[in-house]
Amino acid sequence: MKNENLIIYIMMLGTFGVLSTEMGVVGILPQIAQYFNVDITQAGLFVSLFALTIAICGIFMLLCFQDLTEKRVSYWYWQSLPYFQQSVHS
């Protein structure tokens, strides 16, 4: 019984964290729209599409990568990091 309560609290905290980060951009939506020179409605639509894409792709990514170990994923990350840093700075 105690483990079930702990799992529920962890899931609740995770859901709050995800929703907080996705909705945190709403406060700076006018600045985002001004920076990209678009309407606030278009900026809001792009933020909503981003959140929807993350929600849908997150499920499939979990299914695709469930057999990988943390060491293998960490190795791929550290090996690819210099490539992405180089492409961003050029």
Side-chain angles (χ1 to χ4, degrees):
M1 185 71 173
K2 190 167 182 140
N3 269 345
E4 292 174 2
N5 289 339
L6 180 63
I7 291 172
I8 290 173
Y9 286 127
I10 290 172
M11 289 174 53
M12 182 179 65
L13 191 63
T15 303
F16 176 76
V18 168
L19 291 176
S20 296
T21 57
E22 296 297 332
M23 298 307 248
V25 77
V26 172
I28 59 169
L29 198 57
Q31 289 87 357
I32 292 172
Q34 183 180 13
Y35 180 80
F36 289 109
N37 199 18
V38 295
D39 292 336
I40 292 179
T41 55
Q42 288 177 325
L45 178 65
F46 290 137
V47 169
S48 298
L49 289 175
F50 171 74
L52 186 64
T53 303
I54 295 299
I56 292 171
C57 291
I59 296 168
F60 293 112
M61 287 181 67
L62 284 173
L63 293 174
C64 290
F65 297 118
Q66 68 182 355
D67 294 333
L68 295 178
T69 62
E70 291 177 11
K71 285 184 179 181
R72 184 178 291 175
V73 173
S74 177
Y75 176 76
W76 286 349
Y77 171 76
W78 288 111
Q79 292 299 314
S80 64
L81 192 61
Y83 170 75
F84 290 117
Q85 286 178 341
Q86 181 183 12
S87 65
V88 167
H89 292 296
S90 26

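Source: prediction; values computed, not measured.
Under a hydrophobic-cluster definition in which Ile, Leu, Val, Met, Phe, Trp and Tyr are linked whenever side-chain heavy atoms come within less than 4.5 Å, directly or via other members, Ile28 and Val38 are assigned to the same cluster. Follow the hydrophobic side-chain contacts under 4.5 Å out from Trp76 and you reach Met61 in the same cluster. Cluster membership check: Ile8 does not share its hydrophobic cluster with Met11, using side-chain heavy-atom separations under 4.5 Å among Ile, Leu, Val, Met, Phe, Trp and Tyr. No path of Ile, Leu, Val, Met, Phe, Trp and Tyr side chains, each step under 4.5 Å between heavy atoms, connects Leu49 with Val25, placing them in separate hydrophobic clusters.
Residues satisfying the side chain to side chain contact (heavy atoms under 4.5 Å, CB included) criterion with Tyr9, sequence neighbours excluded, are Asn5, Met12.
Between the CG atom of Leu45 and the CZ atom of Phe50 there is a distance of 14.0 Å, given to the nearest 0.5 Å. How far CG of Leu63 is from CD1 of Ile59: 8.0 Å, rounded to the nearest 0.5 Å. Note that CG of Asp39 is 12.5 Å distant from CD of Gln34, once rounded to the nearest 0.5 Å. We find the CD-OH distance between Gln31 and Tyr35 to be 13.0 Å, quoted to the nearest 0.5 Å.
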